[in-house]
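Below, each value reflects all heavy atoms present in this structure, side chains not excepted, and no hydrogens, waters or symmetry copies. When a ligand or atom number is given, it counts from 1 through the structure's own listing order. These numbers come from a predicted model, not from an experiment.
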Amino acid sequence: MLRDAVRSLAEAKIAPFAAEVDEQGRFPQEARDALEANDLHAVHVPEAYDGAGADALSTVIVIEEVARVCASSSLIPAVNKLGSLPVQLSGSEELKAKYLGALARKEGMFSYCLSEPEAGSDAAGMKTRAVRDGDSYVLNGVKRWITNAGVSDFYTVMAVTDPDKRSKGISAFVVEKDDEGLSFGAPEKKLGIKGSPTREVYFDNVRIPADRLIGAEGTGFATAMKTLDHTRVTIAAQALGIAQGALDYAKGYVAERKQFGKAIAEFQGIQFMLADMAMKLEAARQLTYAAAAKSERTDSDLTFFGAAAKCYASDVAMDITTDAVQLLGGYGYTRDYPVERMMRDAKITQIYEGTNQVQRIVMARNLP
Ligand SMILES: Cc1cc2nc3c(=O)[nH]c(=O)nc-3n(C[C@H](O)[C@H](O)[C@H](O)COP(=O)(O)OP(=O)(O)OC[C@H]3O[C@@H](n4cnc5c(N)ncnc54)[C@H](O)[C@@H]3O)c2cc1C
């Protein structure tokens, strides 16, 4: 029922703008409005904080169905979870009530600020500093590649509080868009997900109340990594949705397109491609749903499964979208058809929340 409801909404209110959002590189406000109007913008927030209280699998299904029509729009529910999960996992009751409540009540979106210009895969090498000063912390530094920066009102920020302790000297904070000293760079010009703004975030003596610290000092990096264990499952969901969108489109196209006097779907070479695409997609879906169940229970092997689902589903999405372009021939290579957008959008799922090389490192360190 949830899938059917989200699919109908996505097809009616989000799909019609997907090509335009990509072409113009603009934020998909129509998608935000539709998702918020239907309480689908941050379904993971527990009912205790005015949220929908959806479990991890339901959240995956929402993201998957939005990504099936528009990957950029799927970053609204996905990054609302990524940005707010550190608060949900490690925040004080006061922080949860304030910020998870605000997110659920549509008072603002959330972003997640871990990466920096010189600290990508090696995120613990970050330089952004937070220094305690009486009842405040003062933040200085630069975060890079921050999804939905400038649109979001709330930012979970990882910053160094004790430079001698490397990852154990990193703490997590909530910073608000209106905090003095916070500013944003120009949107990056990207290959895909062009509707999702990606910007640098600058901290110039940003003074925040000390009670915006998430958990204890020095636990920020652990919280950031625990968060990714759960949210890599949502990137897998995004990859599944993009791949399903491409497969559905290609399937319809080959039934219509005629060459050599018949529909190209009647050629065995085409049928074998479609069979492989559907087989890989279903394998990725089953792995992702198993990982979602582990996320819901916080099983001890979640780290392996989250990395495996993200890595496998994103590799599969890249294969399937590339094959979808192939199935449309020259038409697939043009912007008159959606599959080239899907191919460009799929690529990011192999890169963010840890590249697929990093996922393989994570899996190798956590073999079941
Ligand atoms: C569109 C977009 C949105 C993003 N959104 C966010 C966000 O909201 N919040 C946030 O914090 N970050 C975000 N990121 C950052 C993203 O997570 C990083 O880009 C990613 O982790 C890789 O870091 P890097 O770009 O510095 O690449 P690098 O770490 O420099 O990696 C370059 C290459 O080296 C490889 N490599 C690095 N180390 C190893 C190793 N040990 N073994 C093998 N290979 C290795 C990588 O796999 C990659 O192929 C986003 C990025 C993009 C592009």
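For Thr147, a nitrogen or oxygen atom sits less than 3.5 Å from a nitrogen or oxygen atom of ligand 1, counting backbone and side chain alike. Looking at ligand 1, you'll find an N or O of Thr355 within less than 3.5 Å of one of its N or O atoms. The N/O atoms of Tyr112, backbone and side chain alike, include one that comes under 3.5 Å of an N/O atom in ligand 1. For ligand 1, the polar-atom distance check finds an N/O of Ser121 within less than 3.5 Å of one of the ligand's N/O atoms. Residue Ser115 has at least one N or O atom closer than 3.5 Å to an N or O atom of ligand 1.
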Start with the C-alpha distance between Glu36 and Arg32, add both sets of side-chain angles, then the distance that settles salt bridge (Lys or Arg N to Asp or Glu O under 4.0 Å), and finish with yes or no. CA-CA 6 Å; Glu36 290 188 345; Arg32 181 179 182 183; 3.0 Å; yes
Tell me, with the steps shown, if Lys190 and Glu188 meet salt bridge (Lys or Arg N to Asp or Glu O under 4.0 Å). CA-CA 6 Å; Lys190 308 194 297 292; Glu188 303 291 346; over 6 Å; no
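Residues Asp229 and Lys226 are not paired through a salt bridge, judged by the lack of any N-O separation under 4.0 Å between the basic side chain and the carboxylate. With salt bridges taken as basic N to acidic carboxylate O contacts below 4.0 Å, one links Lys98 and Glu176. Between Glu118 and Lys127 there is no salt bridge, since no side-chain N of the basic residue sits under 4.0 Å from a carboxylate O of the acidic one. Electrostatic pairing of Lys106 and Asp39 counts as a salt bridge here, judged by a charged N lying under 4.0 Å from a carboxylate O.
Of all protein heavy atoms, the one lying nearest to atom 25 (O) of ligand 1 is Trp145 NE1, 4.0 Å. Nearest non-hydrogen protein atom to atom 45 (C) of ligand 1 is Gln357 CB, 4.3 Å.
A cation-pi arrangement is not found for Lys96 relative to Tyr49, the charged atom failing to lie both closer than 6.0 Å to the ring centre and inside a 45° cone about the ring normal. Note that Arg132 lies in the cation-pi zone of Tyr137, set by a 6.0 Å cut-off to the ring centre and a 45° limit from the axis.
Counting the atoms of ligand 1 from 1 in the order shown, those under 4.0 Å from a heavy atom of Glu353 are 17 (O). For ligand 1, the atoms lying closer than 4.0 Å to a non-hydrogen atom of Gly120 are 23 (O), 24 (P), 26 (O), 29 (O).
Under the 4.0 angstrom criterion, atom 7 (C) of ligand 1 counts as having a protein heavy-atom contact. The presence of a protein heavy atom under 4.0 Å from atom 33 (C) of ligand 1 is ruled out. Counting only heavy atoms, the protein gets under 4.0 Å from atom 15 (C) of ligand 1. Closer than 4.0 Å to atom 30 (O) of ligand 1 lies none of the heavy atoms of the protein.
Residue-level proximity to ligand 1 for Leu114 is carried by backbone and side chain together, each with a heavy atom below 4.0 angstrom.
In this structure, the ring of Tyr202 has its center no less than 6.0 angstrom from the ring center of Phe184.
Ser73 and Pro28 make their closest contact through OG-CB, 3.4 Å (heavy atoms, listed as atom of the first residue, atom of the second, distance).
Heavy-atom separations between Ile146 and ligand 1 include at least one value shorter than 4.0 Å.
Here atom 52 (C) of ligand 1 lies nearest to Ile348 when heavy atoms of Ile348, Ile351, Ile361 are compared.
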